[in-house]
Amino acid sequence: MKKYREFKQVSYPEIGEDILEFWKKDKIFEESVKNRGGAPSYTFYEGPPSANGTPGIHHVMARAIKDVFCRYKTLKGFQVKRKGGWDTHGLPVELQVEKELGITKEDIGKSISVADYNRKCRETVMRYKDEWDELTEKIGYWVDLDDPYITFEPKYVETLWHLLKKLYEKDLLYKGYTIQPFSPAAGTGLSSHELNQPGCYRDVKDTSVTAQFKVKDSENTFLLAWTTTPWTLPSNSALAIGEKLNYVKVKTFNPYTFEPQMVILAEARMAVYFNQKAEGISLSDYKSGDKLIPYEVVENIKGSDLLGMEYEPLFPVAGIIQPFPAYTVIPGDYVTTEDGTGIVHLAKAFGADDFRTLTQQNVPGVFVKDEKGEDIPIVDKQGKFLPVLGKYLLKKMGEHQITAHKTFSEHDFYVKNYLQEDESDPSYKSTDVIISIILKNENKAFKVEKYEHSYPHCWRTDMPVLYYPLESWFIRTTAYKDKLVAHNRTINWKPEATGTGRFGNWLENLVDWNLSRSRFWGTPLPIWRTKDGTQTICIGSIAELEREIEKSIAHGFMEKSPYEGLEIDLHRPYVDEVILVSENGEKMFREADLIDVWFDSGAMPYAQWHYPFENEDVFKENYPADFIAEGVDQTRGWFFTLHTLAVLLYDSVAFKNVIANGLVLDKNGNKMSKRLGNAVDPFATLKSHGPDALRWYMLSNANPWDNLKFNIEGVEEVQRRFFGTLQNTYNFFALYANLDAFTYEEAKVIPLVERPELDRWISSKLQSLILEVEQAMENYDATPAARAISNFTVDQLSNWYIRLSRKRFWRGDMNPDKQAAYETLYECLLTLSQLMSPIAPFYADWLYKNLVQNALEAGHKLPQSVHLTDWQEAASHKINRDLEASMQLAQNISSLVHSLRKKEKLKVRQPLQKILIPVLNQNTRKQIQHVEALIKAEVNVKEISYIDDTSGILVKSVKPNFPLLGKKYGPKMKEVAKAIQTWGKKEIALVEKEGSYPITLSGEQAHIALEEVIIQSQDIPGWSVASEQGVTVALDVTVTEHLKHEGIARDLVNRIQNIRKEMGMEVQDKITISIGCQDQAVKDAVNNFTTYIKTETQALKLELNGKLKEGILLDMDDFELTVKVEKA
RNA sequence: GGGCCUGUAGCUCAGGUGGUUAGAGCGCUACACUGAUAAUGUAGAGGUCCGUGGUUCGAGUCCACGCAGGCCCA
């Protein structure tokens, strides 16, 4: 009976399916968690995917990475619980539902009820769950799919509310402003998604102004700043400059008032603002009204020197003037000299950058108080100036006698044409134009012109969008910036740069987290407020909500709870129906906002366990995570929200190690997209190539944080090269083990020290491999681990160990040498199955099972799956670096000899007498002697001679040891190198003898020590020589008569073996041979090597017959002969 | 526009702390092996290390400025 299964050919997809079946049937995953009960836990958090789309090939990548380290840590003895999860809320789901229902956001609550709409969202979001589960299983991603967390479930949302309340109690949750796209015509804010609709950005011609801001306490010096939205100038409260840019102060005249003045702008922008033709015209020659305005640079100023400079506001309107540090020059990292003046006008209310910069610099913006005492911008939500400015503009129109298409009132100054007045009327004047005229007349404008640019428009009204401060709820993340940064420093990021760079910079430039979303399908903000906003309650649990509802009912604000007789659902619209009662008896309504879905996922460490309402012990054991992994695009998404909530709420990191993987692109480096048809279907790939090669390819081809150019040919290469070789290796083992009825029995193995050199060598390499893989995996580097395993398998085990050991396996009956070979090979394969199991879990388990099957059947207590085994620690006593070095020399020397043979056109079958190896030290000699027999057999030479100094024919060369000498001599290195390179035989001999040798350096004496030079042997006069990595080999290319005969004999054996095979003979069949040939050399060869030929070919009779006509004609390069082989 | 990543052979990738022949696999060419055989081995050809400057005795490696591709954010 065969003890080890043999395979003619294997189907990797089938292995995947069979092993998956086995895992399911025997509950291997569950067992791998269960049998680590009581062991230290290793915590992994699953970043929840959204199942409203089908999974792609990049999900295989992300999921493989997660799986690899969880499996590895399980082998290492940790208990690794892996709870799956689903991300269910958010805009993508809503948009998909809108599309499917053919509705827009405006229809929700009108043509479809919020309840129905949300029901539809809930159905849609899990639409592809089955496909996801199937992929998860098929790629071998072990995660608990039976009990996942789902972010829309009431328990999950309850934890979110609890966390929000904690934030609220810490005064970290507040209502504030953020600058968002806003459509005054539609009276609504727009999402960035709505702004990205086709046709929203349109080229329009606007009046642009380069305004002059008068420097405080100067006579006539102005800062120039350019804007395409002059209506924002009354809201100016600071100017931004680039600290590294160069600025100039220019003496010139105002082109509208012709008054003499100094202006400051970026040097690089001068050409735009001054006519080169005016260069050289004397300032004193200028007369008012001259078109050509002379100018003269009077001072160069560094950007940083402008900081803090104060200037006078353009619109000195009582009530809008702000206190210091308003109207000062501040730094802006985004200031360029691409356009404008290199000085940027900032209006806090109307630009996101402006808002951020001014907030960071603590500069007030231009706001006025409304009746509630809250700050409002000076443009209202209809898009017109408040009367406070309207009055001022009206007064100025009178002062400057500006007439327009109509008579203005203080309520008529719309900043864009929202009244849709006829712009073709020649007397039509926009607010921008009116402002420009005022500025021109008041010596406050340097240049006014039409400017065409791209500007966003509302997709529903076609009217221009304003950037406008809108109310939102925020988490005060900036209050914890230092802690966020400090905790981040303790996280091990792969790659490091994502942590320090992308994520670190993001934390350094932190703004408060805007939580608000004006949508329907998401976690509602659990905040109720009185109409005037003076009283607020934040609800932190379902119980609390129910209590408050009771109170409200008692107070008569609600008739009954919306949940009466129903399951609790914290979504809209039900929560919106809840009206609560404030402490002093007023009605409180829920703030209509939903929260950012990233809060949902960032809260999963707590919410997945419904903590703190349940599972306190599980939570505490599994917090924070040891490891998470997601795409690098999550840096400001999941990674950020996880980190932030942990720091703000628990003063802890949420994860200790994180891999941020890159994208999966197509083979040409383009982004995959279903639309372009270059997306790779993961299911098709699994079907054709199986899961293991796919996972192996994805992880071994490039580091996971580099983008992967996915090429199916790469998967095939992995399959051929690594899995194919491993499979051949196993088959080789199984074939002969079965012939010899060998089974591995641990109790009876031959101790390593008693095994042959080659076995000890591969065992040493194997132990070294374990260490290497372990080190890489501990460092979260799966790629070098995979590459090391593959290199060991292909180069060392298959190509060297097996090739050199082949005869041991087939020759003779069972003997200790043979047994040692089997045992060594078996041990290598078994260890490999474990080492590779995290990355190629199916094939590894299959290999493992093939190896241990008969031991299991014989009743040995062994884990039934490699994934249930304990990590086999490297046995350091088996590592023999010296032996590894020896073998490396053998490999190098063999390669060199092959190279020489090739050059000399001497094939390996032709025996040669000897090779010469120059040795400069005895250790190398010893190391080579150790493997001499191997080398001789491998390259078919009869002897190896070593030549050293005593031989007298050794030619040495010397070169400087640059790293050593460079440090010592630095700038004189060239001279030193030159001196050393002039050394000849005599000098080399002296430096070897004395340990140092003097040289002259620019007249001075210096001593070069022996270790500061590298002495090599390169030439052996009269020999064919090759050298590599410090090893030199010379080949004796003389083919003597005798060698020639032996070569012919070997050739003959080779041909006869082929004939035997062609004739379909069995290994043990005996034959008779007749050879017909006139060539004397052949005759001699046959006569001299009769025994050898007969033994090798199992011939009973070998005869030379010069007249032989029948038989097979063989072309032996130099001659022909006829051979007749017959079964004896 | 900003932050970050990537750029080395036809392709995919290695190349601590700067050091004098820049490597591997695949592909290609040639050869060998023919008892692992729908397998295997060996050798060879193949390089403007993205570009330009700089630092240095010495730069694929360090610095600056660019170029190209990508991600995230405006």
Side-chain angles (χ1 to χ4, degrees), chain A residues 8-9 192 333-336 338-339 351-353 356 495 497-506 508-509 631-637 660 662-663 665 667-671 697 700-703 705-709 711 713-714 716-718 720-722 724-725 727-736 783-784 787 790-791 794-795 798-800 802-803 806-807 809-811 894-903 905 907-909 938-939 959-967 969-978 981 1014 1026-1029 1054-1055 1057-1058 1060-1062 1066-1067:
Chain A
K8 276 251 148 54
Q9 59 194 51
S192 57
D333 51 16
Y334 45 83
V335 178
T336 68
E338 299 286 305
D339 51 23
D353 268 338
R356 179 173 54 85
T498 300
T500 53
R502 195 187 270 219
F503 196 65
N505 289 342
W506 166 249
E508 292 292 343
N509 295 304
V632 69
D633 52 343
Q634 296 289 339
T635 307
R636 289 168 188 195
L663 262 66
L665 309 168
K667 65 176 177 183
N668 299 318
N670 299 312
K671 207 175 162 172
Y697 164 70
S700 67
N701 187 65
N703 281 314
W705 41 87
D706 290 331
N707 289 346
L708 174 70
K709 289 183 200 157
N711 189 345
E713 285 168 29
E716 280 154 12
E717 186 184 322
V718 161
R720 241 192 349 261
R721 187 171 156 74
F722 173 59
T725 305
Q727 180 55 31
N728 269 324
T729 304
Y730 168 77
N731 261 348
F732 179 87
F733 167 80
L735 178 70
Y736 290 107
T783 306
R787 287 173 179 171
S790 175
N791 288 340
V794 175
D795 295 338
S798 170
N799 183 26
W800 197 254
I802 294 209
R803 208 157 49 80
R806 276 203 307 225
K807 281 197 174 142
F809 289 94
W810 77 59
R811 195 168 269 169
S894 300
S895 165
L896 287 169
V897 175
H898 281 130
S899 175
L900 286 169
R901 276 181 171 275
K902 161 109 181 153
K903 200 165 80 187
K905 295 192 163 60
K907 56 188 174 185
V908 181
R909 218 184 275 127
E938 178 67 11
V939 300
K959 67 174 186 177
N961 184 340
F962 278 92
L964 236 55
L965 287 168
K967 280 196 186 74
Y969 291 99
K972 291 179 186 161
M973 195 54 219
K974 277 214 170 101
E975 221 181 321
V976 175
K978 215 172 157 188
Q981 272 146 12
I1014 297 165
S1027 67
E1028 181 187 88
Q1029 289 169 31
N1054 162 245
R1055 306 302 157 106
Q1057 297 285 32
N1058 282 347
R1060 278 182 58 116
K1061 226 178 148 197
E1062 275 164 30
E1066 295 296 322
V1067 176

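Residue numbering restarts at 1 for every chain, and letters A, B, ... go by the order of the sequence lines.
- Comparing A:Tyr736 and A:Glu938 by the nucleotide of RNA chain B that holds the closest heavy atom to each, the one mapping nearer the 5' end is A:Tyr736.
- Contacts of A:Asn731 with the nucleic acid, taken as non-hydrogen atoms under 4.0 Å apart, are absent.
- Computed from coordinates, the A:Arg803 CZ to B:U37 C1' distance equals 15 Å when rounded to whole Å.
- Between A:Glu713 atom CD and B:C13 atom P there is a gap of 14 Å when expressed in whole angstrom units.
- A gap of 15 Å separates the P atoms of B:C63 and B:G16, to the nearest Å.
- To the nearest whole angstrom, the two C1' atoms, one in B:C50 and one in B:A9, are 15 Å apart.
- Taking 4.5 Å as the limit, some side-chain heavy atom of A:Asn703 sits within range of a side-chain heavy atom of A:Pro784.
- Here, B:C72 and B:U12 have their C1' atoms 26 Å apart, quoted to the whole Å.
- In terms of modelled atom types and a separation under 3.5 Å, the side chain of A:Asn505 and the main chain of A:Gly501 share a donor-acceptor contact.
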What N/O pairs connect the protein and nucleotides 66-69 of chain B at under 3.5 Å? Give each pair on its own line.
none

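- For A:Ser899, the side-chain atoms get nearest to B:G44 when compared with the rest of B:A32, B:G44, B:G41.
- At distances below 3.5 Å, not a single donor-acceptor pair connects side-chain atoms of A:Arg356 with backbone N or O atoms of A:Ala352.
- B:U42: Watson-Crick or G-U partner is B:A30, with both key distances under 3.5 Å.
- Among the protein residues, A:Lys959 comes within range of the sugar-phosphate backbone only, with heavy atoms under 4.0 Å from sugar or phosphate atoms but none that close to a base.
- Within 4.0 Å (heavy atoms only), A:Asn509 reaches no atom of the nucleic acid at all.
- The shortest distance between side-chain heavy atoms of A:Val939 and A:Val908 does not fall below 4.5 Å.
- Taking every side-chain heavy atom of A:Ala702 into account, B:C13 is the closest of B:A43, B:C13, B:G19.
- For B:C5, the base has no donor-acceptor partner in the side chain of A:Arg502 [N/O atoms by modelled type, under 3.5 angstrom].
- Counting any heavy atom pair closer than 4.0 Å across all strands shown, A:Lys905 reaches no nucleic acid atom.
- Side-chain contact between A:Val794 and A:Asn799 is absent, with no heavy atoms from C-beta onward closer than 4.5 Å.
- Within 4.0 Å of A:Lys902, counting heavy atoms only, lies at least one base atom of the nucleic acid.
- OP1 and OP2 of B:C33 both lie 4.0 Å or more from every side-chain N or O belonging to A:Asn1054.
- Panel note: side chain A:Thr729, backbone A:Thr725; a donor-acceptor pair is recorded below 3.5 Å.
- Residue-level contact check: A:Gly966 touches the bases, meaning some heavy atom is under 4.0 Å from a base atom.
- Between A:Glu508 atom CD and B:G3 atom C1' there is a gap of 12 Å when expressed in whole angstrom units.
- Nucleotides B:G19 and B:A36 place their C1' atoms 45 Å apart, quoted to the nearest Å.
- Proximity of A:Lys903 to A:Leu900: side-chain heavy atoms (C-beta onward) are separated by under 4.5 Å at one or more points.
- One interatomic measurement links the two molecules: NZ of A:Lys709 to C1' of B:G10, which rounds to 13 Å at whole-angstrom precision.
- Between A:Phe732 and A:Arg806 the shortest side-chain heavy-atom distance falls below 4.5 Å.
- Nucleotides B:U34 and B:G7 are separated by 44 Å at their P atoms, to the nearest Å.
- Side chain A:Thr725 to base B:A39: no donor-acceptor pair is found below 3.5 Å.
- Separation of the C1' atoms belonging to B:U56 and B:A64 is 16 Å when rounded to the nearest angstrom.
- Among the heavy atoms of the strands, none lies under 4.0 Å from A:Asn961.
- As judged by a 4.0 angstrom heavy-atom cut-off over every strand, A:Ile802 is placed among the base-contacting residues.
- Using a 4.0 Å heavy-atom cutoff across all strands shown, A:Arg901 reaches no nucleic acid atom at all.
- No side-chain heavy atom of A:Tyr969 sits less than 4.5 Å from a side-chain heavy atom of A:Pro960.
- In this structure, A:Ser790 reaches neither bases nor backbone, as no heavy-atom distance under 4.0 Å exists between it and the strands shown.
- In this structure, A:Asn505 places its CG atom 15 Å from C1' of B:A74, rounding to the nearest Å.
- Among the protein residues, A:Thr635 comes within range of no part of the nucleic acid, since none of its heavy atoms lies under 4.0 Å from any strand.
- Only the C1' atoms considered, B:G41 is 16 Å distant from B:G25, to the nearest whole Å.
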Using the rule given for side chain to side chain contact (heavy atoms under 4.5 Å, CB included), can you reason through A:Glu938 versus A:His898, listing the C-alpha separation, both sets of side-chain angles and the distance that settles it, and then say yes or no? CA-CA 9 Å; A:Glu938 178 67 11; A:His898 281 130; 3.9 Å; yes
Protein-nucleic acid N or O pairs under 3.5 Å, nucleotides 25-27 of chain B:
residue	atom	partner	partner atom	Å
B:G25	O3'	A:Arg721	NH1	3.3
B:G25	O2'	A:Glu717	OE2	2.9
B:C26	O4'	A:Glu717	OE2	3.2

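- Spacing of C1' atoms, B:A24 relative to B:G15, comes out at 10 Å, to the nearest Å.
- Between A:Phe809 and A:Leu735 there is no side-chain heavy-atom pair separated by less than 4.5 Å.
- In this structure, the side chains of A:Leu665 and A:Leu708 stay at 4.5 Å or more apart for every pair of heavy atoms.
- Taking atom CG of residue A:Asn799 and atom C1' of nucleotide B:C33, one finds them 13 Å apart after rounding to whole Å.
- Heavy-atom nearest nucleotides on RNA chain B were determined for A:Pro495 and for A:Gln634, and the one closer to the 5' end corresponds to A:Pro495.
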